[in-house]
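Labels below follow one simple rule: chain letters A, B, ... track the order of the sequence lines, proteins then strands, and each chain is numbered from 1.
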Amino acid sequence: MHNKGMAYWLMKSEPSVFSIDDLKREGQTCWDGVRNYQARNFMRDQMKLSDRVLFYHSNATPTGVAGIAEIVREAYPDHTAFDPADPHYDPKSDPNAPTWVMVDIGYVATFPRFVTLDEIKAEPGLAGIVVAQKGSRLSVQPVSEEHFKFLCMLGKHTL
DNA sequence: GCCAACGTTGGC
DNA sequence: GCCAACGTTGGC
């Protein structure tokens, strides 16, 4: 279903931890561990079912967009914040009023052609995209429809 | 592995 | 409420 208000996102993952191949194998996953308020607010307030996500490989060689995912479950409490044994444990997050949320994403496609960050930076059609901005560390970012489609084209992905 | 850029924490 | 210290992200 193609809803009119569909939004587009970019989400970063270190492929040594969780790659597009892992997502493909598992089909879907919960996006836990986000501990940045701006990223959380995007997930909590704006992400809707079937929104599209550019799956970005960070801290890798090369870095860049590896494929596409979609939102399959809207924001709900990130239970890893309540678990003292979890690396993302946050003692200040109250189970009765959780500080942190997560969404579930599902696999859509792997780009036939990986689009590197160098290419993104060099491409006039992607001018202003958040991921190419200096010092941009946001792990969850909004992407315009135009930029999303442009990246799909560069990735040889048929929409 | 380095380190610039950035977000968060906590003393005052 | 300021801001120095600290921890993390993520490109390189």
Which residue, A:Asn59 or A:Gln38, contacts DNA chain B at a nucleotide closer to its 5' end, judged by nearest heavy atom?
-> A:Asn59
With the side chain of [X] defined as its heavy atoms from C-beta on, choose the nearest nucleotide among [options].
X	options	result
A:Lys92	B:dT9, C:dC12, B:dG7	B:dT9
A:Ser58	B:dG7, C:dG11, C:dC12	C:dG11
A:Tyr56	C:dC12, C:dG11, C:dG10	C:dG11

Establish, from distance only, whether the side-chain atoms of [X] and [Y] form a donor-acceptor pair under 3.5 Å.
X	Y	result
A:Trp9	A:Asp51	yes
A:Glu14	A:Ser19	no
A:Thr80	A:Arg35	yes

Does the ring of A:Tyr76 carry A:Arg73 above it, NZ/CZ under 6.0 angstrom from centre and within 45° of its axis?
-> yes
Whole angstrom is fine here: how far is it from [atom1] in [X] over to [atom2] in [N]?
X	N	atom1	atom2	result
A:His57	C:dT9	NE2	P	17 Å
A:Asp90	B:dT9	CG	P	8 Å
A:Arg35	C:dG7	CZ	P	19 Å
A:Tyr89	C:dG7	OH	P	19 Å
A:Leu117	C:dG10	CG	P	12 Å
A:Gln133	B:dA5	CD	P	15 Å
A:Asp118	C:dG10	CG	C1'	14 Å
A:Glu14	C:dC12	CD	C1'	14 Å

Under 4.0 Å between a side-chain N or O of A:Lys12 and OP1 or OP2 of C:dG10?
-> yes
OP1 or OP2 of C:dG11 under 4.0 Å from side-chain N/O of A:Lys134 = no
Below 3.5 Å, does any donor atom in the side chain of A:Arg137 face an acceptor in the base of C:dT8, or the other way round?
-> yes
Could you check if a side-chain atom of A:Val65 sits within less than 4.5 angstrom of a side-chain atom of A:Phe55, using non-hydrogen atoms only?
-> no
